[in-house]
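Bear in mind the structure is a predicted one, so any value in this text is a computation, not a measurement. Worth knowing before you read on, the calculation uses all heavy atoms, side chains too, and leaves out hydrogens, waters and symmetry mates.
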Amino acid sequence: MDSARIVRTSCRGCHGVCQVLVHLDAQGRVLRIAGDPESPTSRGFICPKGAHAARTLHHPERLATPLRRVGARGEGRFEPVSWDEALEIMAETFDRVRRESGPEFLALHQGTGRPYTEFTGRFIHALGSSNFVSPGHNCFLPRNIASALTVGWLPIADIYGRGGATPGSFLVFGCNSMETGAADGMCGAMIAKALRKARSVVVADPRTTPTAREADIHLRLRPGTECALALALLHVIVGENLHDKAFVEAHCNGFPELREHLIPLSPQWAEPITRVPAEAIRRAARALAADGPCAVLWGNGIDTSVNAFQTARALLSLMAVTGSLDVPGGMVRWVAPAGVRCKSPQEDKAQLGMQFLTPEQKARMIGAGRFPFGPGCHQPTFWEACLTGRPYRPRALWLVGTNPLLTATRGDVIEKALREHIEFTVASDLFLTPTAALCDLVLPAAHWLEQDDVVYFHKIWCVLARRKTAQVGQARDDRAVMLHLARRLGLHEAFPWADWEAYLAWLLEPSGMSFEEFADKGVLLGEMRYRKHETEGFPAPGGKVDLASRVLAGAGRPALPAYVEPPLSPVSRPDLARDYPLILMTGCKVQPFFHSEGRQIEPLRRLRPEPLVAVHPEAAARSGLSGGDAAFVVTPHGRARFVVALDEGLAPDVVSADHGWWFPERGPLDPGWKENNANMLFGHEHFDPDCGAEPLKCGLCRLERA
Ligand SMILES: Nc1nc2c(c(=O)[nH]1)N[C@H]1C(S)=C(S)[C@@H](COP(=O)(O)OP(=O)(O)OC[C@H]3O[C@@H](n4cnc5c(=O)[nH]c(N)nc54)[C@H](O)[C@@H]3O)O[C@H]1N2
Ligand SMILES: Nc1nc2c(c(=O)[nH]1)N[C@H]1C(S)=C(S)[C@@H](COP(=O)(O)OP(=O)(O)OC[C@H]3O[C@@H](n4cnc5c(=O)[nH]c(N)nc54)[C@H](O)[C@@H]3O)O[C@H]1N2
Ligand code: SF4
Ligand SMILES: [Mo]
């Protein structure tokens, strides 16, 4: 297999930072994709999603042209149209809705953070609508917003140790990217490497993940009680005087209040709540403090909870009092490479184009004010409004890279809204997903192998180059489409760039590099500096780490992190627990798939052929089930079918079900998206009061033989 050419680029099969080598034949077809051993961010690592990316690129069912619906909604009949026609329809409709009803009747709903995020918020905000919808309330953004309010920037585990030291202790708290590949801009393999060097590794996870199995201490908590655990860890660190006094004195506001607040929140208090022995909490806290600087790896395990925001605040306090913020081997603040217009996380608001909204337009957002620290328009509130028309019903919706029938809760509400209630719907995707199949217009999006890009989305370590190596059909980069539409709709101030190439050139302009020169370099690293607070302070309210937050208090929320029992638990709802005795976690990520993606990619599907529910053998036996049996997971909201996978690493009353399942092989008319849909097992009743997160990893259920 001689390759004619090897292109160095970076993968976007997930949120990772893996640099890869794409081997092409003389005709320019992809022969093989391998990890790049010289990459400072991934050091040769590649996961199956990256290695098989060309299967997605060339998949026979990939969308190749824009499609316009010709039959009734959901009938699956489409005809190809040209890009010119598709863009004309969109521009005309968006303009008409904006003039007739007002810009808020336009909405944009994106999926997880992907390259399009650079323009999605900016586009809809520049139009004058604040209805920018995403899964961000359940993912990453609560941690981001809590960080901005507490520290002023997003702390990142210093796993590369660019200051000469990797973390001495790790607290892995509801994060499993070491197994799944990558998340939040961190390469799982590089984290695993740093974990092996640490003196102490503490894993807080209800499942016995491979990382938990190898950890020094595994705190196998009851799902949804992580805030209580974090507070008890803090209680020990502060109560036993293990905290960094000099740092706290110089750089924190509200420490005396925090100390006072923690007095009753002892390991003995936390033990019956979390089911973690008090002694294990004490040992963990002492190890984290003694072996620090302490790096925290946090993830969806804390996001998908009604305590998401408060847990993030508690963990930020832990980073602060252990003196781990912005020290080598601690939780560091990114230094962007000089000469590239890649903005820092603090400038996200500007990047999202918030400045283009008037206060009145902000107030017209669906669900405005419902969650004081929620990111953008709250996804479940948005879909309910589409159904009920309260406070109003959007008329035109653009779905960019999202499959909410499967990845959001209440797919039934979303289906009805798309079928019956929204006048004009557009989906941009690589495939005709169950969601796209209900839309009026479908746009073929470019795969990462089809993109030239300056990659800085997560703003963590580096800026990477992505190089276009292929073009299939008429697929287009989402951002090029947005640029084009923005110009047609007169959004020149927000989108001054003539085209995508002009935008990339603008990003690189201060460096004096052309895109080609940049792509040849492949990666730019900033000049890392630590302890920036010693000269600059912390850009949080009050100029120091804000342990007792007046901003939260001002919003009527607890100034100090507080634990709340999950709304659907054996403790809060013993009445329900009689019929639904098991605790349900959903959507722990698996390596072969990215949410609802990848089911049609044969080598990935072989790694996980069917939707699984992990069950402790005792619980399985009590429900009359064995491994490999088909079972329904039943909640008060619905039932979904899974195959039982026995797992002794779980507590006997905890089960964990896959999310995102549909069966592309059955065709677009009946891809089976309702049968195994973990997200239809939840209602729209329970949310984190700060950020609107949903308790997707702590519900109640029972198992029934299917
Ligand atoms: N292969 C692959 N990689 C991905 C993704 C994917 O779908 N597939 N998705 C990407 C996205 S969008 C994201 S946001 C990230 C998410 O990546 P992670 O943050 O790693 O998210 P999860 O795998 O959902 O959950 C992490 C861990 O939290 C644990 N957990 C569950 N409930 C609790 C709890 O109550 N308390 C605590 N402490 N822990 C709990 C779970 O058992 C799990 O091991 O991954 C990204 N990377
Ligand atoms: N029960 C449960 N549900 C969850 C979670 C959980 O833990 N439990 N996790 C949640 C999390 S963390 C997230 S982030 C959401 C993710 O929710 P989504 O982002 O909706 O999920 P995906 O299935 O990854 O992506 C949707 C579509 O994007 C398309 N796509 C991929 N790349 C591109 C691109 O560059 N452009 C365009 N236009 N399309 C593209 C894919 O083909 C796919 O059909 O799911 C959430 N859902
Ligand atoms: S971990 Fe993510 S970025 Fe890395 S190879 Fe896999 S899919 Fe690509
Ligand atoms: Mo996510």
Subject >> Contacts of Asp520 that satisfy side chain to side chain donor-acceptor pair (under 3.5 Å) - sequence neighbours left out >> reply: Arg467
Name each donor-acceptor pair under 3.5 Å that joins a side chain in residues 180-198 to protein atoms two or more places apart or in another chain, with its distance.
unit_1	atom_1	unit_2	atom_2	d
Thr180	OG1	Asn176	O	3.3
Asp184	OD2	Arg143	NH1	2.8

Subject >> salt bridge (Lys or Arg N to Asp or Glu O under 4.0 Å) partners for Arg550, two or more places apart >> reply: none
**OP:** Just jot down the salt bridge (Lys or Arg N to Asp or Glu O under 4.0 Å) partners of Arg12, sequence neighbours excluded, or say none.
**Re:** none
Subject >> Residues Asp452 and Arg466 bridged, charged N to O under 4.0 Å >> reply: no
**OP:** Applying side chain to side chain donor-acceptor pair (under 3.5 Å), name anything that partners Thr311, two or more places apart in sequence or on another chain.
**Re:** none
Subject >> Parallel, tilted or perpendicular: rings of Phe247 and His533 (30°, 60°) >> reply: perpendicular
**OP:** Name all residues meeting the ring pair (Phe, Tyr, Trp, His ring centres under 6.0 Å) criterion together with Trp461; count only those two or more places apart in sequence or in a different chain, and write none if there are none.
**Re:** Tyr160
**OP:** Name all residues meeting the side chain to side chain donor-acceptor pair (under 3.5 Å) criterion together with Thr117; count only those two or more places apart in sequence or in a different chain, and write none if there are none.
**Re:** Gln110
Original post:
CG/Asp453 to OH/Tyr456 distance, rounded to the nearest 0.5 angstrom?
Top reply: 8.5 Å
Original post:
Between Arg8 and Val20, does a side-chain contact (heavy atoms from CB on, under 4.5 Å) hold up when you go through it step by step?
Top reply: CA-CA 6 Å; Arg8 189 180 186 207; Val20 295; over 6 Å; no
**OP:** With sequence neighbours excluded, tell me which residues meet side chain to side chain contact (heavy atoms under 4.5 Å, CB included) with Pro372.
**Re:** Ala555, Arg557
Original post:
Hey, what's the ring geometry for Trp497 with Phe495, parallel, tilted or perpendicular (30° and 60° as the breaks)?
Top reply: perpendicular
Original post:
For residues 286-333, which residue pairs qualify under ring-ring contact (aromatic ring centres under 6.0 Å, His included), counting only residues two or more places apart or in two chains?
Top reply: Phe309-Phe373
Subject >> Ser305 side, atom OG; Asn300 side, atom CG - distance, nearest 0.5 Å >> reply: 11.5 Å
Original post:
Do we see a donor-acceptor contact under 3.5 Å between the side chains of Glu179 and Thr211?
Top reply: no
**OP:** Let me know which of Ser42, Ser10, Ser39 forms a side chain to side chain donor-acceptor pair (under 3.5 Å) with Gln19.
**Re:** Ser39
Original post:
What residues, two or more places apart in sequence or in another chain, satisfy ring pair (Phe, Tyr, Trp, His ring centres under 6.0 Å) together with Phe173?
Top reply: none
Subject >> Asp326 and Lys532 ion-paired at < 4.0 Å >> reply: yes
Original post:
For Phe45, what residues pass the ring pair (Phe, Tyr, Trp, His ring centres under 6.0 Å) criterion, not counting sequence neighbours?
Top reply: none
Original post:
Who passes ring pair (Phe, Tyr, Trp, His ring centres under 6.0 Å) against His218, sequence neighbours left out?
Top reply: none
Original post:
Under the ring-ring contact (aromatic ring centres under 6.0 Å, His included) criterion, do Phe687 and His137 qualify, and how do the steps go?
Top reply: CA-CA 10 Å; Phe687 303 108; His137 65 300; 7.6 Å; no
